[in-house]
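Comments concern the structure below.
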Amino acid sequence: MIIVGNPRESGADLAVVLVNTWDTYDDPHEHLVELQDLRDFLRIVGRKEAARSATRRDLDDVKHLRARLRRVFDARDVAEAAEVLNDLAAEAGAVPRLERRGGDWHVHFGPGERSIAAHLGAVTSAALIEVVQGHGLSRFGTCAAAPCTGAFVDRTKNRGKRYCCELCADRAAQQNHRARLRA
Ligand SMILES: [Zn+2]
């Protein structure tokens with residue numbers, strides 16, 4: 001599993017890491033096969049309570065959520081992404097809530113992490129709605145290093161991000177280098 005960004009703090013990064021638990025690069029493509037895989041994923045993204053309480057049913061629900069989030073990264077226009085995100089936010093009850101952590105107040109969306117799929121759905125949809133609000137679809141992308149089609153959110157200033165992770169960027173650079181040597 002490739003972790004990019006900060007999925008513990010950022011809902012957009014959480015969405016990306018979740019979407020990329022199914023990829024077209026690794027074989028097998030599926031990284032959430034067993035319940036234990038879901039528990040490992042939840043621990044990695046900082047949801048310890050959810051990792052402890054996850055069941056087989058949560059595994060199915062999270063995979064269903066993942067498929068819907070993927071549609072946002074593949075969307076052809078804002079209307080398509082908006083439909084998916086609005087439905088997800090409504091179903092997950094993505095209502096903002098102020099919570100105090102240490103001395104600081106933070107905004108959280110939706111139910112606590114024990115309602116695993118709803119929690120993940122609320123956090124990710126709220127974050128992606130904000131990305132769409134600020135930038136339309138211009139920040140959403142999929143990896144250009146075939147056969148990978150990993151999802152990413154582009155935060156570069158010039159919006160030049162083309163690859164989902166460092167590994168793919170290196171792989172593409174090597175492919176380009178070999179192609180130049182052949183030419
Ligand atoms: Zn990639």
If you compare all heavy atoms of [X] against all heavy atoms of [Y], which two are closest, and at what distance to 0.1 Å?
X	Y	result
Ala118	Ala92	O-CB, 3.3 Å
Cys168	Tyr163	CB-CB, 4.1 Å
Arg47	Val45	NH1-O, 3.0 Å
Pro147	Thr24	O-OG1, 2.6 Å
Cys164	Cys143	N-SG, 3.4 Å
Val4	Pro7	O-CD, 4.1 Å

- All pairs passing salt bridge (charged side-chain N to carboxylate O under 4.0 Å, His left out) where residues 167-179 contributes a residue, at least two apart: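 Matches after skipping sequence neighbours: none remain.
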For [Y], does its backbone N or O pair with a side-chain atom of [X] as donor and acceptor, under 3.5 Å?
X	Y	answer
Lys48	Ala50	no
Glu49	Glu113	no
Arg39	Ala54	yes

- Item | Criterion side chain to side chain donor-acceptor pair (under 3.5 Å) against His31, the qualifying member of Asn20, Asp23, Thr21 |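 One option only clears the test, and that one is Asp23.
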In Å and rounded to the nearest 0.5 Å, what is the [atom1] to [atom2] distance from [X] to [Y]?
X	Y	atom1	atom2	result
Ile129	Thr124	CD1	OG1	9.5 Å
Asn86	Ser125	CG	OG	9.0 Å
Arg43	Gln36	CZ	CD	6.0 Å
Arg76	Arg71	CZ	CZ	9.0 Å
His135	Arg155	NE2	CZ	9.0 Å
Leu14	Leu128	CG	CG	9.5 Å

Is [Y] reachable from [X] through a run of hydrophobic residues whose side-chain heavy atoms are each under 4.5 Å from the next?
X	Y	answer
Val62	Val19	yes
Val153	Val123	yes
Phe152	Phe73	no
Phe109	Leu65	no
Val95	Leu85	no

Salt bridge check, [Y] against [X]: does any charged N sit closer than 4.0 Å to a carboxylate O?
X	Y	answer
Glu130	Arg139	no
Asp37	Lys63	no
Arg97	Glu99	yes

Taking [atom1] in [X] as the centre, count heavy atoms belonging to other residues, nucleotides or ligands within less than 6.0 Å. Is the count above 12?
X	atom1	result
Tyr25	OH	no
His64	NE2	no
Arg162	CZ	no
His177	NE2	no

- Quickly, which of Leu35, Leu120, Ile116 forms a side chain to side chain contact (heavy atoms under 4.5 Å, CB included) with Asp58? Name it, please. Ile116
- Task: Would you mind reporting whether Arg8 and Val17 have side-chain heavy atoms less than 4.5 Å apart?
- Result: no
- Message: Among residues at least two apart in sequence or on other chains, which ones pass side-chain hydrogen bond (donor to acceptor under 3.5 Å, both in side chains) with Arg57?
- Response: none
